[in-house]
Structure formats: C-alpha cells, structure tokens
Amino acid sequence: MSTTVAASPAWTIPDYLEVSDEHLAINGTDALALVREHESPLFVFSAPRIKRNIERLRKAGESVQHPIRFFYASKANSNMAVLKTVLESGIDVEVNSGGELFKALRIGFRPDQIIFNGTSKSAGELDDAVRAGIYAINVDSIYEIGLVEEAAKRVAAADGKLVNPARIALRLVPEIGTRSHLGLQTALLTSKFGISSSEVLDAFRRGLQNPDLIHVCGIHIHVGSQTPDVEPFAEAFRSMWEHLVKIHDETGHRLEHINLGGGIPVNYLRDRSQADQLPEHERDMLGADLEPSAVLAEALRVARESAREAHAEHVLEHTTIVLEPGRSVIGDAGLVLTTVLNMKQRPETGDVWLLTDAGYNIMLSMNNYKWYYHTISASRAGEPHDSEYKVAGPLCDSGDVYFDIERCGRLPDYRKLPANVQPGEVLALLNCGAYSLAQMFHYNGRPLPAAVLIKDDGTPVVIRRRDTYDDLITNDVW
Ligand SMILES: Cc1ncc(COP(=O)(O)O)c(C=O)c1O
C-alpha cells in the first residue's frame with residue numbers, strides 16, 4: 001500500500017484505516033470508490049476490526065485464568081450482518097427488547113447464548129424469553145420477578161409444560177459513579193435502573209420462592225458506558241461478590257455468574273490534533289485506553305481478596321464472570337462517509353461553513369451527548385489538516401451542527417480539515433460504529449443510508465440497503 005505522507009496521521013490503524021493514494025482506505029478499500037458505488041452518506045464497517053476487537057476481549061479473558069463469558073451488547077449495533085460477524089467470532093449476545101431477541105435468535109445465537117436486559121419488558125417479550133429458555137433474564141425490580149413468574153405460568157399453560165424454570169439474574173444499582181457523561185452512568189441511585197443494595201436480600205428471597213417457575217442464576221451490574229477507569233468496575237464487582245457470598249451463607253443458594261455489564265471504553269482521541277479544544281475531563285473520558293484485561297484483573301483481585309477473608313474461595317472458583325461489551329466491539333469498527341454539498345463564508349465572522357449530507361438523524365449521540373467523532377477528509381486523507389471550518393449537517397434544525405451550539409465546549413468549535421475544501425469533497429467521521437446505525441431515524445423525511453461491511457478477504461458487501469422514498473411512507477396509513 002503506497003502511503004503518501006512521511007509519518008502516518010495519528011488516526012491511522014495499520015491494515016485497517018490507512019492513507020492510500022491520498023484517499024482514506026478501509027481494509028484496503030478506497031473510501032471514495034465506496035461512495036461512488038453506494039452513494040453518500042454511507043456507513044462502512046470492518047469485519048476484521050470487529051473480530052480483532054473480540055479477540056482482544058477473549059485474550060483478556062484468558063489472561064485472568066477464570067471462566068469468563070462475553071455477551072455482545074447488541075443495542076450498540078444490531079444490524080444482522082454485524083450480529084453474524086459477532087456470532088462467527090464465537091461470543092454470545094445481550095439483548096434489550098423482544099426485537100433484539102428476535103434478531104439474535106434469527107441470526108443463529110442459541111438461547112443459552114442470550115441475556116435479556118431492560119427496565120420495562122412487556123408480557124409478550126417475557127413470554128418469548130421464557131419460552132426460548134435463554135441464559136438469563138436480568139430483572140430490574142422485585143416486582144419484575146413476579147412478572148417473570150407470570151410469564152412462566154403462561155408459557156407452561158399454553159405449551160402444556162415449562163421445559164426449564166426461567167433463569168433470572170438480579171440487576172443491582174449500588175451507587176457507583178464514573179467519569180463518563182451523566183446520561184451514560186447507570187449505577188447511581190438516581191438512575192432508573194436496578195435494585196438497590198438495601199433490597200437485594202429481599203429480592204433473592206423472592207426469587208427463590210417458586211423454584212419450579214424461576215431459577216436465580218446470577219447477579220448483574222452495568223456501571224455505565226465509556227468508563228475510563230478500572231476502579232468503578234472493581235467496586236461494582238466487589239459489591240456483587242459480597243452480595244453473592246451473603247446469599248450463599250444465608251440461603252445455601254449458589255449463583256452461577258456475576259455479570260459486570262459493558263462500559264469498556266473506545267479511544268475516540270487516537271488523533272489528538274483537535275482535542276485541545278475540549279475540556280480536560282472530556283479528553284480523559286473520550287481518550288480512555290483501558291485494557292479489558294486490566295478491568296478483569298482488578299475485579300478479580302478485589303474479589304479474591306474478599307473471598308480469602310470470607311473463606312469463600314471455592315464459591316468464587318465456580319462463579320463465571322460475564323461481560324456485556326458493546327462499544328468496545330463495534331465502536332471503532334465503523335465510520336460514516338459524508339459529502340460536502342454546500343459551503344458559505346460569513347463575512348461578519350470569517351467562518352467558512354461546510355454543509356454535509358450527514359445529520360444527527362444518523363449520529364444521534366453527536367447531538368444528545370455532544371459525542372466527538374474525529375473528522376478527516378477521505379478525499380485528501382494524507383494532507384495536513386490545519387484549516388478550520390464550521391461543519392454542519394443537512395437537517396432543518398439549528399442543532400444539526402458538528403460543534404456545541406450551546407457553547408458548553410463539549411465539542412470543538414471548528415473542525416480541522418485540509419485547506420480549500422470544496423463541495424464534492426468526501427469527509428469521514430471515525431469511530432461511528434456504536435450507537436449510530438442503531439439509533440437512526442427519518443427526521444426531515446431523509447431516507448436512511450446504506451451500510452457496507454468490508455469482509456475478511458477485503459470485499460465490501462452491502463449489509464443495509466439505502467432507503468427509498470417508499471420506505472418513508474411504508475407504515476403510514478392514509
Ligand atoms: C445493561 C447494559 N449492558 C451493556 C451495555 C453496553 O455498554 P458499552 O457499549 O459501553 O460496552 C449497556 C449500554 O449502556 C447496558 O445498558
């Protein structure tokens with residue numbers, strides 16, 4: 001591959017994101033050729049990168065010499081081809097709705113490879129999960145334990161039998177803060193999730209009441225997404241571990257797994273050339289480079305210490321650790337290619353505006369969390385990115401901009417791109433694989449973009465066809 005600059009830009013990743021003949025290349029495929037063939041805007045995913053990310057997790061699991069299972073958090077991206085790639089990589093899946101359960105089963109995950117999370121599961125969703133006999137339904141309240149029991153009774157009545165009691169895990173909310181955005185923190189008592197520490201024992205007693213209908217198999221916490229430090233994970237693990245030991249001592253019931261949730265971060269600031277415009281805490285969070293092996297090692301160190309003190313090493317030995325990684329599997333394995341359609345210069349401010357075809361309807365977190373996606377020119381990837389532009393999307397909404405319109409400094413005011421960008425130039429927003437495609441919507445009557453997956457052999461295949469205008473009205477009745 002001919003690299004056209006002496007030193008590769010900091011965003012490059014060997015054999016994945018590179019500069020080739022001045023253009024951005026993704027696993028060797030020319031980004032501009034993709035846009036020519038599949039139009040703009042376009043999502044591009046990399047199967048080799050997904051697999052490499054999963055391999056990194058698996059190696060982390062092996063490094064701690066303890067039974068570990070990874071359940072990919074499919075809400076991060078549940079495109080069927082992405083799910084298939086994850087399935088082929090040999091890990092399991094976590095779902096958050098009947099729809100995601102349907103997709104996971106349809107693509108071929110076995111029921112014992114599936115965990116179902118969520119605060120408000122419907123009777124129909126619980127029936128589906130119980131009937132399928134999945135690995136765990138994570139219940140969010142004591143009340144929901146009763147709902148699962150009802151579902152088990154309904155399934156038994158409808159099918160003439162319940163093959164196995166429904167397997168449940170209790171989701172806890174132990175009041176653990178992280179240095180991520182407040183909206184991404186889920187282990188605080190002010191968050192909507194889980195059962196508080198003071199209720200845990202009651203929840204277990206309730207869960208053990210009808211063993212013919214339900215089996216309590218685990219305990220769960222998700223501290224939040226993009227968690228930059230190991231401490232919250234270790235604290236969460238200690239909390240769950242201590243509950244597990246207490247339950248074992250009091251009831252003799254042995255839980256099979258502790259589920260530490262997701263939250264392993266992605267480094268969004270591999271290229272820090274614009275990071276100086278962001279506040280320090282934002283830089284720390286977005287640029288976190290936490291190794292999953294460090295998370296597991298610290299969680300186990302804490303648990304082993306506590307197990308020794310409680311003479312409960314034998315209990316720990318038989319407890320599988322579950323992780324639900326989403327972002328760390330798919331975040332840096334996807335990007336958005338977008339074309340500059342319009343430009344203007346404001347005489348009063350001197351700002352040069354680039355108006356693209358990628359709005360927040362395809363990257364919601366850039367709007368609601370002011371999430372930073374490093375932006376480069378895919379047309380001139382090897383040139384110095386040292387000219388400042390105001391960049392904005394196509395929506396008729398003043399919030400559809402690539403900077404923080406509320407001036408809270410959560411996004412850089414200007415994006416740095418090569419000099420003299422003109423309409424027709426293709427830009428790339430990097431690290432857009434997680435929580436983007438999954439959150440797209442038709443605002444402003446905009447057909448949703450296509451997505452392409454670069455396969456292991458370097459062939460690009462369409463994994464989501466571009467919407468047509470007919471797709472915009474397909475569910476409307478008039
Ligand atoms: C319960 C649960 N598990 C796993 C995840 C995945 O988190 P992440 O994508 O940060 O790994 C989430 C996301 O918020 C979640 O709510």
Side-chain angles (χ1 to χ4, degrees), residues 5 8-12 17 19 22-24 26 31-32 35 40-44 266-279 282-283 285-287 331-332 334-346 349-395 397-433 436 449:
V5 282
S8 298
W11 52 262
T12 55
L17 290 182
V19 180
E22 271 309 306
H23 296 171
L24 167 66
I26 306 135
L32 269 60
V35 166
S40 175
L42 180 71
F43 275 94
V44 185
V266 166
N267 182 359
Y268 290 83
L269 298 181
R270 194 178 283 277
D271 185 326
R272 293 196 163 240
S273 56
Q274 300 195 32
D276 55 352
Q277 294 184 58
L278 301 170
E282 203 73 3
R283 278 201 303 267
M285 190 268 294
L286 288 165
D332 67 8
L335 56 88
V336 168
L337 298 175
T338 176
T339 304
V340 178
L341 296 184
N342 186 8
M343 67 181 300
K344 63 182 124 189
Q345 189 154 9
R346 284 236 190 275
T349 61
D351 289 341
V352 179
W353 283 78
L354 303 177
L355 290 316
T356 74
D357 58 13
Y360 73 67
N361 66 311
I362 67 168
M363 273 169 310
L364 187 59
S365 48
M366 194 152 81
N367 185 269
N368 63 358
Y369 292 124
K370 304 292 175 238
W371 203 266
Y372 176 76
Y373 297 110
H374 189 70
T375 306
I376 61 164
S377 168
S379 303
R380 293 186 283 158
E383 286 188 23
H385 283 44
D386 49 13
S387 296
E388 294 191 329
Y389 301 86
K390 287 270 187 203
V391 185
L395 301 175
D397 183 326
S398 59
D400 187 33
V401 292
Y402 293 28
F403 56 91
D404 187 350
I405 198 163
E406 279 132 21
R407 299 198 184 151
C408 298
R410 293 170 298 176
L411 286 173
D413 287 339
Y414 297 92
R415 296 298 171 120
K416 288 186 184 162
L417 294 163
N420 197 27
V421 173
Q422 295 294 316
E425 184 143 351
V426 176
L427 311 182
L429 289 136
L430 306 181
N431 304 309
C432 288
S436 48

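In this chain, numbering begins with 1 at the start of the sequence shown.
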Item checked: Residues forming a side chain to side chain donor-acceptor pair (under 3.5 Å) with Asn361, sequence neighbours excluded -> none
Margin query: Do Leu24 and Trp11 have side chains that approach each other closer than 4.5 Å (heavy atoms only, starting at C-beta)?
Written below: yes
Notebook entry, point to check: Of all residues at least two apart in sequence or in a different chain, which pass the ring pair (Phe, Tyr, Trp, His ring centres under 6.0 Å) check with Phe403?
Noted result: Trp353
Margin query: For residues 409-418, which residue pairs pass the salt bridge (Lys or Arg N to Asp or Glu O under 4.0 Å) check, not counting sequence neighbours?
Written below: Asp404-Arg410, Glu406-Arg410
Notebook entry, point to check: Considering all heavy atoms of both residues, which atom of Pro41 and which atom of Ala358 are nearest to each other, and what is their separation?
Noted result: CB-CB, 4.3 Å
Check: Under the side chain to side chain donor-acceptor pair (under 3.5 Å) test, which residues partner Asn420, sequence neighbours left out?
Finding: Gln422
Next item on the list: Apply side chain to side chain contact (heavy atoms under 4.5 Å, CB included) to Glu383 and Ser377, showing your working.
Entry: CA-CA 9 Å; Glu383 286 188 23; Ser377 168; over 6 Å; no
Item checked: Test log, rule side chain to side chain contact (heavy atoms under 4.5 Å, CB included), inputs Arg270 and His374 -> CA-CA 9 Å; Arg270 194 178 283 277; His374 189 70; over 6 Å; no
Note to self: Less than 4.5 Å apart, side chain to side chain, heavy atoms only: is that true for Thr338 and Ile362?
What the structure shows: no
Check: Any side-chain heavy atom of Val19 sitting closer than 4.5 Å to one from Pro9?
Finding: yes
Check: Hey, is the main chain of Val426 close enough, under 3.5 Å, to the side chain of Ser379 for a donor-acceptor pair?
Finding: yes
Check: So, does Asp400 use its side chain to make a donor-acceptor pair with the main chain of Leu395 at under 3.5 Å?
Finding: yes
Checklist line | pair Leu286-Leu278: side-chain heavy atoms closer than 4.5 Å | finding: yes
Check: Looking at side-chain heavy atoms only, is the closest gap between Met343 and Tyr389 below 4.5 Å?
Finding: no
Item checked: Closest approach of Lys370 to Asn367 (non-hydrogen atoms, all atoms of both residues) -> NZ-O, 2.8 Å
Next item on the list: Evaluate the side chain to side chain contact (heavy atoms under 4.5 Å, CB included) criterion for residues Arg283 and Leu269: first the C-alpha distance (whole Å), next the side-chain angles of each, then the deciding distance (0.1 Å), finally the verdict.
Entry: CA-CA 8 Å; Arg283 278 201 303 267; Leu269 298 181; 4.2 Å; yes
Note to self: Main chain of Cys432, side chain of Ser436: is a donor-acceptor contact present, judged purely on distance under 3.5 Å?
What the structure shows: yes
Margin query: Which residues pass the ring pair (Phe, Tyr, Trp, His ring centres under 6.0 Å) test with Tyr402, not counting sequence neighbours?
Written below: none
Checklist line | For Asn267, all residues meeting side chain to side chain donor-acceptor pair (under 3.5 Å), sequence neighbours excluded | finding: none
Check: In Å and rounded to the nearest 0.5 Å, what is the OG1 to CG distance from Thr339 to Leu355?
Finding: 13.0 Å
Note to self: For the OG1 atom of Thr375 and the CG atom of Leu354, what is their distance to the nearest 0.5 Å?
What the structure shows: 10.5 Å
Next item on the list: To the nearest 0.5 Å, tell me how far Leu417 CG sits from Leu427 CG.
Entry: 5.5 Å
Check: Can you tell if the side chain of Leu42 reaches within under 4.5 Å of the side chain of Pro449, non-hydrogen atoms only?
Finding: no
Note to self: Before you tell me yes or no, could you show the steps for Gln274 and Tyr372 under side chain to side chain contact (heavy atoms under 4.5 Å, CB included), namely the whole-Å CA-CA distance, both residues' side-chain angles and the distance that decides it to 0.1 Å?
What the structure shows: CA-CA 10 Å; Gln274 300 195 32; Tyr372 176 76; 3.6 Å; yes
Note to self: Would you compute the distance between atom CD1 of Ile26 and atom CG of Leu17 and round it to the nearest 0.5 angstrom?
What the structure shows: 7.0 Å
Next item on the list: Measure the shortest side-chain to side-chain distance between Ile376 and His385 over non-hydrogen atoms and say whether it is less than 4.5 angstrom.
Entry: yes
Notebook entry, point to check: Can you tell me how far the OH atom of Tyr268 sits from the CG atom of Asp332, to the nearest 0.5 Å?
Noted result: 8.5 Å
Check: Closest approach of Ser398 and Ile405, non-hydrogen atoms and distance?
Finding: O-CD1, 2.8 Å
Next item on the list: Taking all heavy atoms of Trp371 and all of Met285, pick out the closest pair and write down the distance.
Entry: CH2-SD, 3.9 Å
